[in-house]
K.L.:
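Once you've had a glance at the structure underneath, I'll fire off some questions.
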Amino acid sequence: SDLRALALEIQSLPGSFEGCVHNCCDLQDVDLALKLVEWGREVLGGKVYVSFGIHPTSFETFTPAAEAKLKEAVQACGDHCVGWGECGLDYYRRASDVEEDPSARTRMKEVFARQAHIAIRRGLPLVVHSRDA
(Lines give C-alpha, C1' and ligand atoms only; values in the text may rest on other atoms or scores of the structure.)
Protein backbone atom coordinates (compact mmCIF):
# COMPACT_ATOMS: atom_id res chain seq x y z
CA SER A 1 0.00 0.00 0.00
CA ASP A 2 2.94 2.38 0.65
CA LEU A 3 4.20 1.74 -2.87
CA ARG A 4 0.78 2.38 -4.37
CA ALA A 5 0.61 5.68 -2.48
CA LEU A 6 4.07 6.53 -3.77
CA ALA A 7 3.00 5.72 -7.34
CA LEU A 8 -0.03 8.00 -7.01
CA GLU A 9 2.16 10.78 -5.64
CA ILE A 10 4.67 10.37 -8.48
CA GLN A 11 1.92 10.38 -11.07
CA SER A 12 0.44 13.58 -9.62
CA LEU A 13 3.68 15.55 -9.96
CA PRO A 14 3.87 18.21 -12.65
CA GLY A 15 5.79 17.20 -15.74
CA SER A 16 6.43 13.63 -16.72
CA PHE A 17 8.04 10.89 -14.69
CA GLU A 18 10.55 9.22 -16.98
CA GLY A 19 11.60 6.55 -14.51
CA CYS A 20 14.06 5.67 -11.76
CA VAL A 21 16.97 3.28 -11.34
CA HIS A 22 17.47 1.20 -8.20
CA ASN A 23 21.03 0.03 -7.48
CA CYS A 24 20.97 -3.43 -5.96
CA CYS A 25 24.48 -4.04 -4.66
CA ASP A 26 23.87 -6.61 -1.94
CA LEU A 27 22.87 -10.24 -2.48
CA GLN A 28 20.28 -10.18 0.27
CA ASP A 29 18.35 -7.49 -1.64
CA VAL A 30 18.15 -9.20 -5.04
CA ASP A 31 14.67 -10.62 -4.49
CA LEU A 32 13.40 -7.23 -3.30
CA ALA A 33 14.87 -5.55 -6.38
CA LEU A 34 13.10 -8.07 -8.60
CA LYS A 35 9.83 -7.33 -6.81
CA LEU A 36 10.42 -3.59 -7.21
CA VAL A 37 10.88 -3.95 -10.97
CA GLU A 38 7.72 -6.07 -11.18
CA TRP A 39 5.83 -3.47 -9.15
CA GLY A 40 7.09 -0.80 -11.53
CA ARG A 41 5.73 -2.79 -14.46
CA GLU A 42 2.34 -3.16 -12.78
CA VAL A 43 1.90 0.29 -11.29
CA LEU A 44 4.25 2.74 -13.02
CA GLY A 45 4.10 1.58 -16.60
CA GLY A 46 7.46 -0.17 -16.48
CA LYS A 47 9.37 2.92 -15.41
CA VAL A 48 11.40 1.26 -12.65
CA TYR A 49 14.81 -0.01 -13.66
CA VAL A 50 17.61 -1.73 -11.78
CA SER A 51 21.32 -2.44 -11.78
CA PHE A 52 22.91 -5.40 -10.03
CA GLY A 53 26.38 -5.88 -8.60
CA ILE A 54 28.35 -6.25 -5.38
CA HIS A 55 29.37 -3.13 -3.47
CA PRO A 56 33.10 -2.86 -2.74
CA THR A 57 32.56 -2.84 1.02
CA SER A 58 31.30 -6.41 0.73
CA PHE A 59 33.54 -7.59 -2.12
CA GLU A 60 34.20 -10.92 -0.37
CA THR A 61 30.62 -11.98 -1.09
CA PHE A 62 31.28 -11.97 -4.85
CA THR A 63 31.61 -15.74 -5.24
CA PRO A 64 30.75 -17.87 -8.27
CA ALA A 65 27.36 -18.55 -6.69
CA ALA A 66 26.78 -14.83 -6.11
CA GLU A 67 27.78 -14.06 -9.68
CA ALA A 68 25.30 -16.67 -10.94
CA LYS A 69 22.50 -15.23 -8.79
CA LEU A 70 23.17 -11.70 -10.06
CA LYS A 71 23.25 -12.88 -13.68
CA GLU A 72 19.93 -14.69 -13.16
CA ALA A 73 18.43 -11.47 -11.78
CA VAL A 74 19.69 -9.53 -14.80
CA GLN A 75 18.06 -12.12 -17.07
CA ALA A 76 14.79 -12.00 -15.12
CA CYS A 77 14.59 -8.22 -15.46
CA GLY A 78 15.29 -8.19 -19.17
CA ASP A 79 15.48 -4.66 -20.54
CA HIS A 80 14.66 -3.27 -17.09
CA CYS A 81 18.21 -4.06 -16.01
CA VAL A 82 20.13 -1.04 -17.23
CA GLY A 83 23.53 -1.42 -15.56
CA TRP A 84 25.98 -3.54 -13.61
CA GLY A 85 26.94 -2.27 -10.18
CA GLU A 86 27.33 -0.51 -7.91
CA CYS A 87 30.82 -1.93 -7.72
CA GLY A 88 34.30 -0.51 -7.48
CA LEU A 89 36.92 0.35 -4.88
CA ASP A 90 36.42 1.72 -1.38
CA TYR A 91 39.61 2.13 0.64
CA TYR A 92 37.89 4.48 3.09
CA ARG A 93 35.38 2.13 4.68
CA ARG A 94 37.76 -0.81 4.38
CA ALA A 95 40.89 1.10 5.47
CA SER A 96 41.57 -1.02 8.56
CA ASP A 97 41.14 -4.24 6.56
CA VAL A 98 43.57 -3.03 3.91
CA GLU A 99 46.08 -1.98 6.59
CA GLU A 100 45.86 -5.33 8.38
CA ASP A 101 45.91 -7.39 5.19
CA PRO A 102 47.35 -5.67 2.11
CA SER A 103 46.02 -8.50 -0.07
CA ALA A 104 42.49 -7.18 0.65
CA ARG A 105 43.21 -4.26 -1.70
CA THR A 106 44.29 -6.69 -4.43
CA ARG A 107 41.25 -8.90 -3.93
CA MET A 108 38.93 -5.85 -4.05
CA LYS A 109 40.54 -4.82 -7.36
CA GLU A 110 40.11 -8.33 -8.73
CA VAL A 111 36.41 -8.38 -7.84
CA PHE A 112 35.95 -4.97 -9.43
CA ALA A 113 37.69 -6.16 -12.60
CA ARG A 114 35.54 -9.32 -12.75
CA GLN A 115 32.39 -7.23 -12.44
CA ALA A 116 33.62 -4.77 -15.08
CA HIS A 117 34.15 -7.69 -17.46
CA ILE A 118 30.59 -8.88 -16.86
CA ALA A 119 29.23 -5.42 -17.66
CA ILE A 120 31.27 -5.28 -20.86
CA ARG A 121 30.24 -8.76 -21.99
CA ARG A 122 26.57 -7.94 -21.37
CA GLY A 123 26.76 -4.50 -22.94
CA LEU A 124 25.68 -2.80 -19.71
CA PRO A 125 26.91 0.51 -18.30
CA LEU A 126 29.08 0.08 -15.20
CA VAL A 127 27.89 1.82 -12.02
CA VAL A 128 31.13 2.65 -10.22
CA HIS A 129 31.71 3.35 -6.54
CA SER A 130 35.10 4.95 -5.79
CA ARG A 131 36.14 6.28 -2.40
CA ASP A 132 39.73 7.00 -1.40
CA ALA A 133 40.77 4.75 -4.26
Side-chain angles (χ1 to χ4, degrees):
S1 67
D2 288 342
L3 290 177
R4 291 204 184 278
L6 175 62
L8 290 173
E9 184 177 340
I10 288 170
Q11 292 165 341
S12 72
L13 294 172
S16 63
F17 175 71
E18 298 301 322
C20 66
V21 179
H22 169 69
N23 287 338
C24 179
C25 52
D26 192 331
L27 284 177
Q28 69 187 28
D29 295 331
V30 169
D31 292 336
L32 291 172
L34 293 170
K35 288 178 185 176
L36 185 61
V37 169
E38 186 59 33
W39 170 80
R41 287 180 175 135
E42 294 171 2
V43 180
L44 284 175
K47 293 183 178 181
V48 175
Y49 303 91
V50 68
S51 66
F52 292 99
I54 295 295
H55 195 276
T57 58
S58 55
F59 72 91
E60 300 95 340
T61 66
F62 192 74
T63 63
E67 181 178 335
K69 182 173 182 167
L70 293 170
K71 287 179 177 178
E72 288 171 13
V74 168
Q75 190 71 26
C77 288
D79 63 357
H80 282 78
C81 180
V82 295
W84 187 276
E86 174 180 352
C87 59
L89 304 171
D90 190 328
Y91 302 145
Y92 177 80
R93 289 199 174 125
R94 298 299 299 264
S96 62
D97 298 325
V98 170
E99 287 175 21
E100 290 175 23
D101 179 9
S103 72
R105 181 184 301 253
T106 301
R107 292 191 322 271
M108 189 184 298
K109 287 179 184 179
E110 289 169 351
V111 167
F112 178 39
R114 285 174 34 211
Q115 292 189 81
H117 288 169
I118 293 168
I120 291 166
R121 284 192 300 269
R122 293 187 169 265
L124 292 170
L126 187 63
V127 182
V128 176
H129 174 101
S130 178
R131 186 159 186 201
D132 284 356

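Because the structure is predicted, anything quoted here is derived from the model rather than measured.
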K.L.:
Go through it in stages, so that I can follow the logic: the residues are His80 and Val48, the test is side chain to side chain contact (heavy atoms under 4.5 Å, CB included), and I'd like the CA-CA distance, side-chain angles, deciding distance and then a yes or no.
P.N.:
CA-CA 7 Å; His80 282 78; Val48 175; 5.9 Å; no
K.L.:
Can you tell if the side chain of Arg114 reaches within under 4.5 Å of the side chain of Val111, non-hydrogen atoms only?
P.N.:
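SC-SC contact between Arg114 and Val111 confirmed.
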K.L.:
Is a side-chain donor or acceptor of Ser51 paired with a backbone partner of Trp84 at a separation under 3.5 angstrom?
P.N.:
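Checked: no pair found.
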K.L.:
Can you confirm whether Phe52 sits close enough to Cys77 that some side-chain heavy atom of one is under 4.5 Å from a side-chain heavy atom of the other?
P.N.:
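The answer is yes, as the side chains (C-beta and beyond) meet within the 4.5 Å cut-off.
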K.L.:
Between atom OG of Ser103 and atom CE of Met108, what is the distance when rounded to the nearest 0.5 Å?
P.N.:
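The OG atom of Ser103 sits 11.0 Å away from the CE atom of Met108.
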K.L.:
Hey, are Lys71 and Glu67 close enough for a salt bridge, meaning a charged N less than 4.0 Å from a carboxylate O?
P.N.:
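Yes, charged N to carboxylate O under 4.0 Å.
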K.L.:
Can any side-chain N or O of Ser58 pair as donor or acceptor with the backbone N or O of Thr61 at less than 3.5 Å?
P.N.:
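Checking the backbone N and O of Thr61 against the side chain of Ser58, no donor-acceptor pair under 3.5 Å is found.
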K.L.:
Which residue pairs satisfy the salt bridge (Lys or Arg N to Asp or Glu O under 4.0 Å) criterion with at least one member in residues 37-63, sequence neighbours excluded?
P.N.:
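The answer is Glu38-Arg41, Glu60-Arg94.
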K.L.:
Taking side-chain contact (heavy atoms from CB on, under 4.5 Å) as the criterion, tell me which of Asn23, Val74, Val37 meets it with Val50.
P.N.:
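Among the candidates, only Val37 passes.
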K.L.:
Could you tell me whether the side chain of Ile54 reaches within less than 4.5 Å of the side chain of Leu27, counting heavy atoms only?
P.N.:
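They are in contact (side-chain heavy atoms under 4.5 Å apart), so the answer is yes.
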K.L.:
Please report the interatomic distance SG(Cys81) to CG(Leu34), rounded to the nearest 0.5 Å.
P.N.:
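Cys81 SG to Leu34 CG: 9.5 Å, rounded to 0.5 Å.
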K.L.:
Are Val21 and Val82 packed together at the side-chain level, in the sense that at least one heavy-atom pair is separated by less than 4.5 angstrom?
P.N.:
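A side-chain contact exists here, since the closest heavy-atom pair is under 4.5 Å.
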K.L.:
Within the structure provided, determine whether Leu70 and Phe62 are in side-chain contact (heavy-atom separation under 4.5 Å).
P.N.:
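They are in contact (side-chain heavy atoms under 4.5 Å apart), so the answer is yes.
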K.L.:
Would you please name every residue forming a side chain to side chain contact (heavy atoms under 4.5 Å, CB included) with Ala113, sequence neighbours left out?
P.N.:
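Side chain to side chain contact (heavy atoms under 4.5 Å, CB included) list for Ala113, sorted by chain: empty.
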K.L.:
Decide yes or no for Leu44 and Trp39: does some side-chain heavy atom of the first lie under 4.5 Å from some side-chain heavy atom of the second?
P.N.:
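They are in side-chain contact.
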K.L.:
Distance-only check: which donor-acceptor pairs under 3.5 Å involve side-chain atoms of residues 117-133, not counting sequence neighbours?
P.N.:
{"residue": "His129", "atom": "ND1", "partner": "His55", "partner atom": "NE2", "Å": "3.3"}
{"residue": "His129", "atom": "ND1", "partner": "Glu86", "partner atom": "OE2", "Å": "2.7"}
{"residue": "His129", "atom": "NE2", "partner": "Asp90", "partner atom": "OD2", "Å": "2.8"}

K.L.:
With a 4.5 Å limit on heavy-atom distance, are the side chains of Gln11 and Phe17 in contact?
P.N.:
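Result no, sub-4.5 Å side-chain heavy-atom pair not found.
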K.L.:
Would Arg107 and Asp101 satisfy side chain to side chain contact (heavy atoms under 4.5 Å, CB included), going step by step from the backbone distance to the final call?
P.N.:
CA-CA 10 Å; Arg107 292 191 322 271; Asp101 179 9; 3.3 Å; yes
K.L.:
Determine the minimum heavy-atom distance between Glu18 and Tyr49, stating which atoms define it.
P.N.:
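Nearest pair, atom of Glu18 first, then Tyr49: O-CE1, 4.5 Å.
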